[in-house]
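One structure below.
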Amino acid sequence: MAEIQDLPKAYEASAIEDKMYAEWEASGVFNPDKLPDRNQKGEPYCIMMPPPNRTGTLHMGHAMGMAVQDLLIRFERMRGKKALWVPGTDHAAIATQVKVEQLLIKEGMKDPRKELGREKFLERVVQFADESRNTIVNQTRKMGSSCDWSRERYTFDKERNAAVYQLFKMMYEDGLIERGYRIVNWDPQFQTTLSDDEVQTKDVTTKLLTFTYDKDFPIAISTTRPESKFGDTAVAVHPNDERYKKFIGQTFEPVFCGKKLSIQIVGDEAVDPAFGTGALGVTPAHSMIDADIAQRHNLKTVPVIGKDAKMLPECGPEFAGLSIEETRAKVEKTLSEAGLLKSVEEVQQALPIAERGGAPVEQLPMEQWFVRVNKPFTLRQDTLRKPSDSFFGKLFGTGTGWKKGEQVTLKQLMMTAVESGQTRIIPEQFEKIYFHWINNLRDWCISRQIWFGHRIPVWYRGSEMKVSDVSPGEGWEQDPDTLDTWFSSGSWTFSALGWPDQKEWEAHRAYHPTAVLETGKDILFFWIARMVLMSTYALGEVPFKDAYLHGLVRDEQGRKMSKSLGNILDPLELIPKYGTDAVRLSLLIGNTPGQDTKLSEQKIEGYRNFTNKLWNISRFILMQMGDEAQQAKGAETLADRWILARLSEVSSSVTKKLETYQFSAAGEELRDFTWNDLADWYLEIAKVEKGKAEILKTLLQSVLKMWHPFMPFVTEYVWGLAKFDGKLIVAEWPDPLVLPLAKGETKEGVSEFESLRQLVTDMRRLRAENGVEPAKQVEFVVVGAHMSALIEQNNAWIMRLVNGSCISVSSIPDGYAVTPSGKATIGLNLAGAVDLEKEKAKLTKELEQLQKYVASTEAKLANAEFTSKAPEKVIADMKAKLAEAQEKVKTIEARL
RNA sequence: GGAUGUUUAGCUCAGUUGGUUAGAGCGCACCGUUCACAUCGGUGAGGUCGCAGGUUCGAAUCCUGCAACAUCCACCA
């Protein structure tokens, strides 16, 4: 095999990756309909790719997601499932619009939306989004993602728009979508509402003013937002507060900074009498908390801040049109001059700001569309019911869900999906966070005043209103608002499978609920919860069986990767440098689900080294397979039995770990097996013991298969070089039971070889610990420094040295070793002696503990302290253990 | 303020129902290597498992309290 010899010593990733990906794609295996028969008969297995936002390029977090999903899909495909991975992108409404707006401003426009108008502006956004899509698709391919491009979806394409319309219509008819005048989060910068989740907070220092509205007002109040006080309609106090009790029910008409107010004094439990003055100025128009109080006491709502974050004319000519900052200063000055200001205090406050853009968010009352999460509605179908799976469900007929026609709220559906275990969140601890979030969920404001997004399918003509996806006719105008981006991505698992189009949906029905949703933990609420909502509502089933959450990818110091810190690791720069396989390994191994990961270039370099190690292992095995000496039928030696037993062990363990999302542990185990057992021991032995071609082939095949989901490129490439059957991507996952080993041999082979390995290690240690006679020491030094394998040959044991010479070790059981020349005798019995001392000490300690255990257990038995366990059995177990320990000690003592 | 995590070797982290001598990778020190691989091999040093109690024959693991850090939620006007 001359060609094998000519292969480069170092693996050259970039030379093969693109070609390899093109080959896979051309072979059609990414499409489940074109998979081999074995998979056609297999169970459907589907992953929906979380569609990346069309806002630019992919980052390390995406790369991690892709690596995990591709690992799962390749693993299940090899296991014979009908595996479908649907790729796609998200229009991301506000995020994309904001991005484009910022770009246009950079290009010199002052107010792009005004300058271009709705149509022209949207053209620019669409153009940007399309370019972004191309970049994302390219990067996804570079990562080696084996997703079905023939089924690529977009959250803003025609079919997904049909799903959005269908859902809106259903929810509207069920009374779950409503228009209402309520307080919403308003972003003055981008002139749109925001959901609670799109609002973040920033710690700032601000002034806490304590004052009275005017000199005749009897109660002082405190505020950090003096500008909003023009809209106060009440002062709330605790109903039992002795200071203010007498005022409750009265109405005052103070003049605040020139504006006449009407202030009712109300008693409300929500007020903390210990904070500030114990009295709260209620501003129903600009605080959600105050709006709640206002609702309880039927208070009027008076807006005083406009959409542009400037004061409204209601505040009087002196203040109208002023900014919030200006108003604050002026109010403070006015109060101070009038002698109404009691105190000014610096306090820490969390200022709400917009997630995109960062402008302070105002709370304003507006007419908007809402999804009612707490409103009961009549179920259209049995929902979340799986009676066959549940013993109690069958027994009581209740199942873990609701029946058609029952009254239920969306919130209850979201709870049940996870409570019943029909959707599992991995790691489990996130279930608690999920429940907590659902419990505190408020109605979801779904209308946005931005232009890029699914238009709200509602039409108006005068006072008439109709829900429709097309114009109902002459004179009808569509609602100018668009839908929150999560309204469309909430239906992703089923809209991407064709719902509500009957033909498409039926063709893909078997893939839903999808197997697993893999995404970042930061997106639990935004997305996961909303997918559960949409899917349980529309289909009556969960969107996915498992939600696997990965942590954030941080830099080596644990900081978030960001442009301003300049610590971004870009997958597109790393892949040409280290190879996709190395980048994937560094994202898959060495981290824990749900826990943030620190990534450094050094780590990727380490996995590049491993990729190269696997390459060289393969190269060596390929050479051996072509070597005539290796072709001879090898007797199954101890080493053979050992390595095959290990392989069997490892493959079953790795399979189990991958099934339970323990990717890191699986990878580590595989790495240890590949590097330590296979390369460092078995391959060294194969240099001396010949006739191993068959076993080497088995080993190489199995190792390539198991590594394939982790590092698809190098494994598939070697598979091709070895001329193994077909493509590795559709090869059968190794089954630990088919290895050519009798059961009895497995353990024996392993333990025997392990004990020899231990012996070698002991000898190395002894060389250091015990001074050996000079004549012998020479040999020992050689042994310790060079020996790389222990092998069986002609009924003798041979230690092979890297420099080519061998030492024959005879009579291992008796503990002697002799070199071929017979010059040096190694006192292995000494090794035994040293170990025996330690062993004895350890066992003696264990024995003492067990004796105490016996004593305490017997005492408990006498006092009848046992409640559950059968005492006889406990005592018997314990005594057996004790006897075992005593036996061991005796054996050791005899040998000493 | 509430919730959820984290705290194990110099660094990054494993450690699955409590049970031999607490592990790995990187880094470090020393030794070595022409024929699979210096993107290599061998040997070694390095840990009171955050702190304080408790349960147990036995605790990194279970319980209680404390501390530090992180994230999320709610924010006191």
Side-chain angles (χ1 to χ4, degrees), chain A residues 4-5 7 9-11 196 201 208 210 221-225 228-229 235-236 270-272 274-283 287 289-290 293 347 349-350 352 427 429-430 432-433 435-437 440 521-522 524-525 551-552 556 558 578 582 589-592 594-600 602-603 605-624 657 660 662 664-665 668-669 671-672 675 679-680 683-684 687 761 764-765 767-768 781 784-788 802-804 838-839 841-843 845-846 848-857 878 881:
Chain A
I4 301 293
Q5 310 280 3
L7 292 172
K9 282 187 172 191
Y11 171 63
D196 289 350
T201 54
L208 178 69
T210 303
I221 57 165
S222 299
T223 186
T224 52
R225 301 211 50 190
S228 72
K229 297 289 109 181
V235 163
V271 179
D272 176 5
F275 185 86
T277 62
L280 164 65
V282 182
T283 323
S287 157
I289 304 268
D290 292 7
I293 296 176
V347 291
Q349 197 205 16
Q429 73 237 24
F430 283 95
K432 288 183 205 162
I433 302 177
F435 291 137
H436 185 254
W437 185 81
N440 294 306
K521 66 171 184 184
D522 50 331
L524 179 64
F525 309 135
L552 264 57
E556 48 198 317
Y578 300 104
I589 302 181
N591 57 49
T592 318
Q595 217 74 274
D596 290 354
T597 310
K598 288 175 192 165
L599 184 69
S600 61
Q602 195 194 24
K603 186 175 172 188
E605 203 181 310
Y607 286 107
R608 191 268 322 263
N609 294 355
F610 178 70
T611 319
N612 191 57
K613 185 72 184 181
L614 185 66
W615 169 250
N616 275 297
I617 288 169
S618 306
R619 214 155 59 90
F620 176 73
I621 293 183
L622 291 180
M623 286 178 198
Q624 297 302 310
K657 281 172 174 157
T660 51
Q662 300 180 67
S664 183
E668 280 172 62
E669 181 163 4
R671 182 196 55 202
D672 292 347
W675 210 319
D680 292 346
L683 294 188
E684 289 303 326
K687 288 174 182 171
T761 312
R764 289 169 181 166
R765 185 170 47 75
R767 171 178 61 86
V781 169
H786 297 252
M787 188 183 54
S788 58
V802 168
N803 66 11
K838 280 191 182 169
E839 184 82 6
K842 195 180 74 197
L843 278 171
K845 197 178 154 200
E846 195 183 321
E848 275 169 25
Q849 285 181 355
L850 281 170
Q851 273 158 353
K852 277 191 208 162
Y853 183 23
V854 173
S856 73
T857 311
M878 197 171 61
K881 271 190 177 178

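All chains are named by letter (A, B, ...) in the order of the sequence lines, taking the proteins before the strands, and each is independently numbered beginning at 1.
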Report task. Calculate the interatomic distance between A/N609 atom CG and B/A24 atom C1'; express it in whole Å. Result -> 16 Å
Query raised in the report: If you look at every strand shown and take non-hydrogen atoms under 4.0 Å, does A/E605 touch a base, only sugar-phosphate, or nothing?
Result: nothing
Query raised in the report: Side chains of A/L683 and A/I621: does their closest heavy-atom pair fall under 4.5 Å?
Result: yes
Report task. Could you give me the CA-CA distance, side-chain angles and deciding distance for A/Q602 and A/S600, then say whether side-chain hydrogen bond (donor to acceptor under 3.5 Å, both in side chains) is met? Result -> CA-CA 5 Å; A/Q602 195 194 24; A/S600 61; 4.7 Å; no
Report task. Sort out the partner of B/A52 for me: Watson-Crick or G-U wobble, both distances under 3.5 Å, none otherwise. Result -> B/U64
Query raised in the report: Mind checking whether A/F620 and A/I617 have side chains closer than 4.5 Å, heavy atoms only?
Result: no
Report summary line: By nearest-nucleotide position on RNA chain B, the 5'-leaning member of A/A270 and A/Y11 is A/Y11
Query - Under the ring-ring contact (aromatic ring centres under 6.0 Å, His included) test, residues paired with A/Y607 that sit two or more places apart - result: none
Requested in this report: Indicate, with a heavy-atom threshold strictly under 4.0 Å, whether A/T224 touches base, sugar-phosphate, or nothing.
Outcome: sugar-phosphate
Report summary line: By the Watson-Crick or G-U definition, both distances under 3.5 Å, B/U39 is matched with none
**Report entry** Nearest-angstrom distance, C1' atom, B/U8 to B/A68
**Finding:** 16 Å
Query - side chain to side chain donor-acceptor pair (under 3.5 Å) partners for A/T277, two or more places apart - result: none
**Report entry** Integer angstrom distance from the P of B/G19 to that of B/C49
**Finding:** 16 Å
Report task. Take the protein atom CZ of A/F610 and the nucleotide atom P of B/A24, then report the distance between them rounded to whole Å. Result -> 17 Å
Requested in this report: Could you check how far CG of A/L614 sits from P of B/C37, rounded to whole Å?
Outcome: 15 Å
**Report entry** With A/D596 via side chain to side chain donor-acceptor pair (under 3.5 Å) - residues at least two apart
**Finding:** A/K521, A/R554
Report task. On RNA chain B, check which nucleotide each of A/R671 and A/R225 is closest to and give me the residue with the more 5' one. Result -> A/R671
Query raised in the report: Taking all non-hydrogen atoms of both residues, which atom of A/N591 and which atom of A/S664 are closest, and how far apart?
Result: O-CB, 3.3 Å
Query raised in the report: Within less than 4.0 Å of OP1 or OP2 of B/G5, is there a side-chain N or O belonging to A/K432?
Result: yes
Query raised in the report: So does A/W675 get a side-chain nitrogen or oxygen closer than 4.0 Å to the phosphate oxygens (OP1/OP2) of B/G41?
Result: yes
Report task. From the options B/U4, B/G41, B/A77, select the nucleotide whose nearest atom is closest to the side chain of A/Q429. Result -> B/U4
Query raised in the report: Would you say A/K598 reaches B/C13's phosphate, i.e. side-chain N/O to OP1/OP2 under 4.0 Å?
Result: yes
Query raised in the report: How close do A/L208 and A/S222 get, heavy atom to heavy atom, and via which atoms?
Result: CD1-CB, 4.0 Å
Report task. Could you go through the side chain to side chain contact (heavy atoms under 4.5 Å, CB included) check for A/K598 and A/K603 one step at a time? Result -> CA-CA 9 Å; A/K598 288 175 192 165; A/K603 186 175 172 188; over 6 Å; no
Report task. Consider the side chain of A/A10, meaning its heavy atoms from C-beta on, and name the nucleotide among B/C76, B/A36, B/U39 that approaches it most closely. Result -> B/U39
**Report entry** Rounded P spacing from B/A9 to B/G47 in Å
**Finding:** 10 Å
Report summary line: Partner of B/C72 under the Watson-Crick or G-U wobble criteria, both distances under 3.5 Å, comes out as B/G2
Got a list of protein N/O to nucleotides 67-69 of chain B N/O distances below 3.5 Å?
none

**Report entry** B/G10 - base-pair partner by Watson-Crick or wobble geometry, distances under 3.5 Å
**Finding:** B/C26
Requested in this report: Once you apply the 3.5 Å cut-off to both distances, tell me the Watson-Crick or G-U wobble partner of B/G18, or none.
Outcome: none
Requested in this report: Give the rounded distance in Å between these two atoms: CZ of A/F430 and P of B/G5.
Outcome: 9 Å
Report task. Using a 4.0 Å heavy-atom cut-off across all strands, classify A/Q595 as base, sugar-phosphate, or nothing. Result -> sugar-phosphate
Requested in this report: Can you tell me, in whole Å, how much space there is between the P of B/C62 and that of B/C26?
Outcome: 30 Å
Query - Whole-Å distance separating the CG atom of A/D596 from the C1' atom of B/G5 - result: 10 Å
**Report entry** Under 3.5 Å on both distances, the Watson-Crick or G-U partner of B/G46
**Finding:** none
Query raised in the report: What nucleotide, of B/A24, B/A36, B/A77, holds the atom closest to the side chain of A/D672?
Result: B/A24
Query - Proximal nucleotide (of B/A77, B/C40, B/U39) relative to the A/K613 side chain - result: B/C40
Report task. Please state the P separation for the pair B/A24 and B/U43 - nearest whole angstrom. Result -> 12 Å
Query raised in the report: When we call it a touch if two heavy atoms are under 4.0 Å apart, what does A/Q602 touch: a base, just sugar-phosphate, or nothing?
Result: sugar-phosphate
**Report entry** Atom P, compared across B/G27 and B/U39: separation rounded to whole Å
**Finding:** 12 Å
Query raised in the report: Among all residues two or more places apart in sequence or in another chain, which pass the side-chain contact (heavy atoms from CB on, under 4.5 Å) test with A/S287?
Result: A/I289, A/D290, A/Q363
Query raised in the report: Could you give the OH-to-P distance, from A/Y578 to B/U39, as a whole number of Å?
Result: 13 Å
Query raised in the report: Between the side-chain atoms of A/K9 and the base atoms of B/C37, is any donor-acceptor pair under 3.5 Å?
Result: no
Query - Contacts of A/F430 that satisfy ring-ring contact (aromatic ring centres under 6.0 Å, His included) - sequence neighbours left out - result: none
Report task. State which of B/A77, B/U4, B/U39 makes the closest approach to the side chain of A/R608. Result -> B/U39
Report task. Using the C1' atoms only, state how far B/C37 lies from B/G41, rounded to an integer number of Å. Result -> 10 Å
Query raised in the report: At under 4.0 Å between heavy atoms, what does A/A679 touch on the DNA or RNA strands: base, sugar-phosphate, or nothing?
Result: base
Query raised in the report: Once you round it to whole Å, what is the distance between P of B/A74 and CG of A/D290?
Result: 17 Å
Report task. Write down the distance separating the C1' atoms in B/U7 and B/U17, rounded off to the nearest Å. Result -> 23 Å
Query raised in the report: To the side chain of A/I289, which of B/G42, B/A24, B/C75 is closest?
Result: B/C75
Query raised in the report: What's the CG-C1' distance between A/N612 and B/C40, to the nearest Å?
Result: 9 Å
Report task. Looking at every strand, decide which applies to A/R619 at a 4.0 Å heavy-atom threshold: base, sugar-phosphate, or nothing. Result -> sugar-phosphate
